[in-house]
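As a basis for the values below, the full set of heavy atoms in this structure was taken, side chains included, without hydrogen atoms, waters or symmetry mates. Just follow the structure's listing: the first ligand is 1, and inside any ligand the first atom is 1.
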Amino acid sequence: MSETTNPRARHQDLVQQIEEHRARYYGDDAPTISDAAYDALEVELRELEAEHPELAEPDSPTQTVGSARAETGFASVQHRERMMSLDNAFSIDEVEAWLLRVAREVGEQEVVCEPKIDGLSISLTYVDGELTRGVTRGDGTTGEDVTANVRTIASIPARLAGDHVPALVEVRGEVFLPVAAFEQLNDRLRAEGKDPYANPRNTAAGSLRQKDSAVTAQRPLDVTTYALGALEWGPQGADARAETQAGVYALLEQWGLPVSAHVKTLSGVAAIDDYLGDLEQRRHDLIHEIDGAVLKVNSRAVQAQLGSTSRAPRWAVAYKFPPEEVHTVLEDIRVDVGRTGRVTPYGVMTPVTVAGSTVTFATLHNKHEVKRKGVLIGDTVVLRKAGDVIPEIVGPVVAARTGNETEWQMPEGCPSCGMALVEQRQGDKDMRCPNARACPAQIIDRIAFIGGRGALDIEVLGEKAAAALVAEGVLENEAGLFSLTEDDLTGVSLFTLDADSKKDGVERKAGDLSTNGARLLENLQAAKTQDLWRVLVSLSIRHVGPTASRALAGALGSIPAIRAASEAELAAVDGVGPTIADSIRRWFEVDWHCDIVDQWAAAGVRMEEERDESIPQTLAGLTVVATGSLEGFTRDSVKEAIHARGGKASSSVSKKTDFVVVGENAGSKATKAEELGLPVLDVEGFRNLLEHGPEGL
Ligand code: IVH
């Protein structure tokens, strides 16, 4: 940008923007741009001034700290020693450049590495060991007197401990709100129907700058200390002088002040690089948010030798992690229809890089979430991608609104088939398309789901293939999937050759089945013999995922048995409650659902647990309940053993139960078995039963 406009105008523009953003950040705690975008403005200004030194006035933001503009309302207090900011490094190369600069001037140095806490800086004055003042950084020279609020922070001692207490000291540190406390606070606000806070830093800043310290006291603020300002030893501690930065931390600790548990003294760029990589990996395991690391020359004598610029020490540098929160524009909100008919709104954003990946879409879950987040189409939004967590639209940047934003409405009809959307049950958060049988989006998603890893794991059968099979009329729904023939597939352009070709000496003509098409047929064939639970998952019965499917396959052994089971019998299966049982019963009441099962069965898809023919069917027709822990068996292997021998494993005792196996620590089922007068076996008896059947007992 600086190339196209005149440098002086761009300079003025940048200064103005930076000052405005600083006033917001330090003043009313409601920034309108992300930290990363702000850093980029500062970098541009710095580079512009390097090219055009005549533009760099002493009051340029490159030379100053914080904001002199921020409205306060607190008494101003002058710091005895200036509170400085830090220069930033955005890559290991920039860190190395700093190390080289230091080495050139004062020789190679040990460096103290520590987390850069994303909070707000504070200066705590202790006179003869008594806390007399707590002051914010302000513009570095003068800050706000927040002593009353600082006194409410539990980890800040009112009196310094130990034998070596100075006559006067300014302790510098960072006040923060622990992430866990922030989340709790937001959960509570949401439960009360109030707006949650944007992030821990702004919440901490808002909390510390409360007019009423009783409000501050309710926020579990914490502090980490990391530097000394003015220091007068007095008679008490002349021998306790800290000669290194690490020694400063020992001293702070001795005084009872919290210091970071993640400080390391290192030498050389390789070790520092390792530290930074490791810290970034663990950034979410710390109790507070961090946005990077701070590197400080260890020797205090060398620190003094290197000195400072007007705003930052030369002996320290802040290494910034790639941002996890960025701003982008919410261009649209669209809805997606899933395989269960659930209609999910999602945001379409101007593509943006966050935590190393480019993000364009992010789910908004349901219409209530859209409302709760308060986002409008056209809003600048905060997008967050923390670690491996999926990207999330945090909320709008309200202050950046232009008035051209529009409210999004949940569509009344299904975007795929047009059917009116409904709440599955009254009060459900989700809206659903009830047209499971004919809605193309649902059918395509169900077919693609069958190909997925959690179901039958069929390579080639993804979203694209499913859409082509449906769109080109080869499949009406999933019922015909396993009866597809080569003829069928040559009717789908995705699976045919575009032009004549030759492969492995074989002439192939345009329109012939492609390699991909042939693979789909092979893979479908192979999928027919996958485990029974995977077949069950593939039916897309609501609530019947892998866990319930495994339990059902284990307990009942076949799809016909599941289909024939009563709701009570289903609900009695371990891991299958009444909700799942009800959902299964209802599913099998629908004719076209049964047709899917029948067509799959006719095509040779597995309908029964595999039987090992060599195992005698000693338990055929018998229902066995096992309870308590049985030596040599797990809960699952008990059931497997029963099924393998043709029996039925149930988890509830009733008059229909043939045998109850009672192990150690058995509970009410054992009692009930006795009440009903059922035959009770111990583990030895059970082994006997498995081997020889009832006759063996
Ligand atoms: S040392 C003279 N150490 O980052 C050196 N600062 O971007 C003063 N910060 O104003 C700072 N963690 O508010 C230091 N471990 C740490 C820090 C830290 C967070 C803050 C501090 C400073 C800002 C500069």
Side-chain angles (χ1 to χ4, degrees), residues 18 21-22 25-26 29 31 35-36 38-39 41-43 46 61-62 64-67 70 79-90 94 98 111-124 134-141 143-144 146 170-177 200-202 204-205 208 221-231 245-246 248-249 252-253 257-265 272 275-276 279 283 286-298 300 302-304 306-321 323:
I18 290 171
H21 291 309
R22 280 194 185 174
Y25 187 87
Y26 296 110
D29 316 314
D35 294 354
Y38 173 80
D39 285 343
L41 292 177
E42 272 202 3
V43 167
R46 201 169 295 283
T62 59
T64 62
V65 166
S67 174
H79 301 299
R80 282 167 199 266
E81 198 170 288
R82 215 149 33 93
M83 283 183 87
M84 281 187 287
S85 184
L86 292 167
D87 286 335
N88 290 330
F90 295 99
E94 290 180 23
W98 172 75
V111 172
V112 171
C113 304
E114 60 194 69
K116 184 171 190 307
I117 302 154
D118 199 6
L120 61 152
S121 27
I122 192 84
S123 179
L124 306 168
V135 185
T136 65
R137 189 177 66 179
D139 64 3
T141 307
E144 300 161 304
V146 288
E170 285 177 325
V171 174
R172 269 77 196 264
E174 201 83 352
V175 171
F176 60 88
L177 185 64
R201 195 220 85 101
N202 293 351
L208 191 65
L221 294 173
D222 202 343
V223 76
T224 294
T225 56
Y226 48 62
L228 300 178
L231 177 63
Q245 188 66 26
V248 169
Y249 297 151
L252 289 167
E253 221 168 358
L257 287 158
V259 297
S260 173
H262 308 278
V263 181
K264 275 207 170 139
T265 307
I272 293 173
Y275 175 89
L276 297 176
L279 186 66
R283 71 184 284 189
L286 273 55
I287 60 163
H288 45 60
E289 290 209 316
I290 62 176
D291 57 351
V294 182
L295 314 181
K296 299 171 181 169
V297 167
N298 195 21
R300 297 199 80 209
V302 175
Q303 288 182 1
L306 285 165
S308 312
T309 66
S310 61
R311 70 182 290 271
R314 286 197 188 83
W315 48 266
V317 73
Y319 168 80
K320 291 285 205 87
F321 293 148

Among protein heavy atoms, which lies nearest atom 22 (C) of ligand 1, and at what distance? Arg137 NH1, 3.9 Å

Determine, using heavy atoms of Pro115 and all atoms of ligand 1, whether some pair is separated by less than 4.0 Å. yes

Does a donor on one side chain and an acceptor on the other come within less than 3.5 Å for Tyr226 and Glu174? yes

Salt bridge check, Glu114 against Lys296: does any charged N sit closer than 4.0 Å to a carboxylate O? yes

Identify, for atom 2 (C) of ligand 1, the protein heavy atom at the shortest distance, and state residue, atom and that distance. Pro313 CG, 3.7 Å

Is Glu81 salt-bridged to Arg172, going by a charged N under 4.0 Å from an acidic O? no

For atom 13 (O) of ligand 1, what's the nearest protein heavy atom and its distance? Glu174 OE1, 2.7 Å

Closest approach of any protein heavy atom to atom 7 (O) of ligand 1, naming residue and atom: Lys116 NZ, 3.1 Å

Could you tell me if the side chain of Lys320 sits less than 4.5 Å from the side chain of Asp39, heavy atoms only? yes

What pairs with Pro323 under side-chain contact (heavy atoms from CB on, under 4.5 Å), at least two apart in sequence or on another chain? Ala36, Val326

Backbone or side-chain N or O of Leu120 under 3.5 Å from ligand 1 N or O: no

Report the nearest protein non-hydrogen atom to atom 3 (N) of ligand 1: residue, atom name, distance rounded to 0.1 Å. Lys296 NZ, 3.0 Å

One thing to verify: whether Asp87 and Arg311 come together as a salt bridge, which I'm taking to mean a side-chain N less than 4.0 angstrom from a carboxylate O. yes

For Phe176, which residues count as a ring pair (Phe, Tyr, Trp, His ring centres under 6.0 Å) partner, sequence neighbours excluded? His288

Side chain or backbone, does Trp315 bring an N or O within less than 3.5 Å of an N or O on ligand 1? no

for atom 17 (C) of ligand 1, nearest protein heavy atom and its distance come out as Tyr226 CE2, 3.4 Å

Look at atom 8 (C) of ligand 1 and say which protein heavy atom is nearest, naming residue and atom and giving the distance to 0.1 Å. Met84 O, 4.0 Å

Report yes or no: do Tyr249 and Glu253 form a side-chain donor-acceptor pair below 3.5 Å? no

What protein heavy atom sits nearest atom 5 (C) of ligand 1, and how far off is it? Leu86 CD2, 3.9 Å

Numbering as shown, the atoms of ligand 1 that approach Glu114 to under 4.0 Å (heavy-atom distance): 3 (N), 15 (N), 16 (C)

